[in-house]
Amino acid sequence: MLARGVEPYPVGVPVTTTIAEVREQYEGALEAGEETQDVVGVAGRVVFQRNTGRLCFATLQDGAGERLQVMLSEGEVGAESLEHFKHDVDLGDHLFARGRVIRSRRGELSIFAEEWQIASKALRPLPVLHKDLSEEARVRQRYVDLIVRPEARDVARLRARVLRAVRDYLHGRDYVEVETPVLQALYGGATARPFTTHLNAFDMEVFLRIAPELFLKRAVVGGIERVFEISRNFRNEGVDSTHSPEFTSLEAYEAYGDYDTMATLTRELIQAAALEGTGSTLVTLADGTEYDLGGEWTTLSLYESLSEKIGEEITPETSVEHLLRLVEKFDDDVDPIRQTHGKLVEELWEHHVGDHLWEPTFVRDFPLDTSPLTRAHRSKPGVVEKWDLYIRGTELATAYSELVDPVVQRERFEAQAALIAAGDVEAMRLDEDFLTAMEYAMPPAGGLGLGIDRLLGAITGLGIRETILFPFVRPLG
RNA sequence: GGGGCCGUAGCUCAGCUGGCAGAGCAGGGGACUUUUAAUCCUCGGGUCGCGGGUUCGAUCCCCGCCGGCCCCA
């Protein structure tokens, strides 16, 4: 091609019409074998080629996966041009063709080319289009996955629709979207290990955020009373089908709301996102099981549902020793750091109840010691006003009646400091500036955290690595 | 952290009891003016993940490492 002076990567080609527009305009309009005199210029990636001698066929695909056939005949483009086409054009190339819109004798809508040009030459062959790419190849080379697998393109577009639905819903409730620091001098808002980096200008250690919570609450103190952020968070922990080292969350805070307010908001938000994303609240998983996100959702009490399941009364007074014996029935190596009342109760509950909740279910009223940012329950002793939302056996969202009392908040931080001293690397750090903000008085508020990647999974039935366009993979070599 | 399965051509995969490395698609050459994963003839294509060991001989058996997936904690 270069020897003939053909440019393999031209600056542009004279496209007049997209493939989708041609399909839309002529789809129902032409009989098999019927020709128009309408000349269009189209471009797309060559995904199939068929060559019958003096007539060649190429199927072009656009970015959304729409396809259109191009026909090149010796009579129309000339023998020399057709020879060059056969020699130069491979699967995977971007091709431009200008010609009349016709329908072939076999009924395929086509462009009958009078002129063609390579719009961009592919140097690597396309994978087989009729077999699934291996899971590893999909994730490592998502750009190839997107070319060959319609589902990959659909997920990327569905994610965009869901995010827009989330924003639309919150804007409809007068929420303000803000952006808070990713780079933080002190991390907080969740119990997790952070990524650490170094700020050269101040010669200090800084952290990537594990959650935006403490900054969003500062915003509420300042008067942004309905505030949300769609936040990329970083947690330096295990990687599996439900955990990614970086993930996207929605956090939302509503002054004068509580955890009940946030439950209604969460249900409506997820239902709106499902309808906008897939047109239905019914979800079918790969193995055929179904669940419905529509209607009202079940609510459980954490202690009551656990007690019922194991046939024994568990309360906030149940001793650590007794809980440990119950956990050791299925986990024979409990980390000493995890041997607190709250952590053991939560592990028991997840094992016996949470892992089996497929239909959307709110579980309410958690142990106090594992929820240092949540207010104590207004009437039940020993628990906090917090719920977790479970769908498909995993935690999708959590919400609190937020703790706004700066004196109690300081005590909670001090209890966390004791855990740090005992070696708990996930315990929360005391944040003096956050406490100072609270001392200026934060209005009573409900707060919500929701995993966007898991929301995509709950709506589509896919794993987290399918819902993230470019998940982190260990480099080769 | 423990267990299981997997890694062979650009892609998807075969490869028997250890004996010269295989197919389909993709790619090169040829035939064919209405194909739909076109068809037909033909050719090229390999660090069998990496490193050791056993053996006359290892893609195959053993050990270690790297990478992936699944299950368990």
Side-chain angles (χ1 to χ4, degrees), chain A residues 1 23 30-35 45-61 67-79 81-83 85-93 99-100 102-114 121-141 143-150 237-243 286-287 324 326-339 343-344 346-348 350-352 355 393 462-466 471-477:
Chain A
M1 285 172 65
R23 288 223 86 95
L30 291 174
E31 302 281 315
E34 191 178 344
E35 305 193 354
R45 190 186 293 274
V46 178
V47 291
F48 292 117
Q49 276 195 105
R50 295 166 293 278
N51 172 359
T52 63
R54 281 183 275 275
L55 181 65
C56 294
F57 303 84
T59 301
L60 304 189
Q61 175 176 289
R67 291 175 177 182
L68 183 64
Q69 176 170 273
V70 170
M71 297 168 63
L72 297 99
S73 77
E74 189 180 271
E76 194 75 14
V77 300
S81 173
L82 193 66
E83 273 312 303
F85 178 87
K86 288 193 228 177
H87 189 261
D88 293 349
V89 176
D90 292 314
L91 290 184
D93 294 351
R100 289 176 291 124
I102 67 164
R103 196 174 282 281
S104 75
R105 283 179 210 164
R106 291 291 179 90
E108 185 73 30
L109 189 64
S110 306
I111 304 302
F112 198 59
E114 59 194 43
K121 179 71 191 163
L123 298 182
R124 291 179 189 263
L126 232 42
V128 180
L129 285 159
H130 325 293
K131 301 248 184 183
D132 283 341
L133 266 186
S134 68
E135 196 172 339
E136 187 173 359
R138 285 188 203 173
V139 172
R140 284 194 187 276
Q141 295 186 285
Y143 40 90
V144 175
D145 189 31
L146 288 166
I147 294 168
V148 302
R149 203 166 55 91
E237 296 173 343
V239 179
D240 64 26
S241 60
T242 56
H243 296 84
D287 65 6
L324 186 57
L326 292 173
V327 169
E328 282 173 341
K329 287 180 181 175
F330 58 86
D331 180 359
D332 53 15
D333 183 28
V334 185
D335 187 337
I337 293 300
R338 298 199 57 78
Q339 296 178 13
K343 287 179 179 176
L344 291 170
E346 287 180 14
E347 182 168 352
L348 274 174
E350 281 169 27
H351 182 259
H352 288 293
D355 291 351
L462 299 170
I464 197 167
R465 280 156 67 93
E466 302 290 330
F472 193 87
V473 285
R474 199 185 295 265
L476 292 175

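Protein chains get the first letters and strands the later ones, always in sequence-line order, with residue 1 at the start of each.
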Next item on the list: Would you give the length of the straight line joining atom CZ of A:Arg54 to atom CG of A:Leu82, rounded to the nearest 0.5 angstrom?
Entry: 9.5 Å
Margin query: Over all strands shown, is A:Leu129 touching base, sugar-phosphate only, or nothing at heavy-atom distances under 4.0 angstrom?
Written below: nothing
Checklist line | For B:G44, the Watson-Crick or wobble counterpart (both distances under 3.5 Å) | finding: none
Next item on the list: Specify the separation, in whole Å, of atom CD of A:Gln69 and atom C1' of B:U34.
Entry: 8 Å
Item checked: Rounded distance [0.5 Å steps], CE in A:Met1 versus NZ in A:Lys121 -> 6.0 Å
Margin query: Using a strict threshold of under 4.0 Å (side-chain N to carboxylate O), is an ion pair present between A:Glu83 and A:Lys86?
Written below: yes
Notebook entry, point to check: Considering residues at least two apart in sequence or located in another chain, which fulfil the side chain to side chain donor-acceptor pair (under 3.5 Å) criterion with A:Glu135?
Noted result: none
Notebook entry, point to check: Looking at residues at least two apart in the chain, or sitting in another chain, which of them share a side-chain contact (heavy atoms from CB on, under 4.5 Å) with A:Arg105?
Noted result: none
Next item on the list: Scan A:Arg138 against the nucleic acid and name what it touches under 4.0 Å (heavy atoms): base, sugar-phosphate only, or nothing.
Entry: nothing
Item checked: Complementary nucleotide of B:C25, counting Watson-Crick and G-U pairs under 3.5 Å -> B:G10
Note to self: If the cut-off is 4.0 Å, is A:His87 near the phosphate of B:G29, judged by side-chain N/O to OP1 or OP2?
What the structure shows: yes
Item checked: Reading 5' to 3' through nucleotides 3-9 of chain B, protein heavy-atom contacts under 4.0 Å coded B for base, S for sugar-phosphate only, - for none -> -------
Next item on the list: Under the side-chain contact (heavy atoms from CB on, under 4.5 Å) rule, collect the residues that match up with A:Phe472, sequence neighbours excluded.
Entry: A:Pro245
Item checked: Phosphate-side-chain proximity, A:Arg67 and B:U36, N/O vs OP1/OP2 below 4.0 Å -> no
Next item on the list: Give A:Gly75 one of three labels, base, sugar-phosphate or nothing, depending on what nucleic acid heavy atoms sit under 4.0 Å from its own.
Entry: base
Next item on the list: Classify the nucleic acid contact of A:Glu108 as base, sugar-phosphate or nothing, counting any heavy atom under 4.0 Å across all strands shown.
Entry: base
Item checked: Strand partner of B:G64, provided both Watson-Crick or wobble distances fall under 3.5 Å -> B:C50
Checklist line | Partners passing side chain to side chain donor-acceptor pair (under 3.5 Å) against A:Arg50 (at least two apart in sequence or in another chain) | finding: A:Thr59, A:Gln69
Check: Looking for any heavy atom pair under 4.0 Å, which part of the strands does A:Ser110 touch: base, sugar-phosphate only, or nothing?
Finding: nothing
When you compare the protein's N or O atoms with those of nucleotides 38-41 of chain B, which come within less than 3.5 Å of each other, and at what distance?
{"unit_1": "B:A38", "atom_1": "OP1", "unit_2": "A:Gln49", "atom_2": "O", "d": "3.3"}
{"unit_1": "B:A38", "atom_1": "OP2", "unit_2": "A:Arg50", "atom_2": "NH1", "d": "3.0"}
{"unit_1": "B:A38", "atom_1": "N7", "unit_2": "A:Asn51", "atom_2": "O", "d": "3.4"}
{"unit_1": "B:A38", "atom_1": "N6", "unit_2": "A:Asn51", "atom_2": "O", "d": "2.6"}

Notebook entry, point to check: For A:Arg124, which contact category applies under a 4.0 Å heavy-atom criterion: base, sugar-phosphate, or nothing?
Noted result: nothing
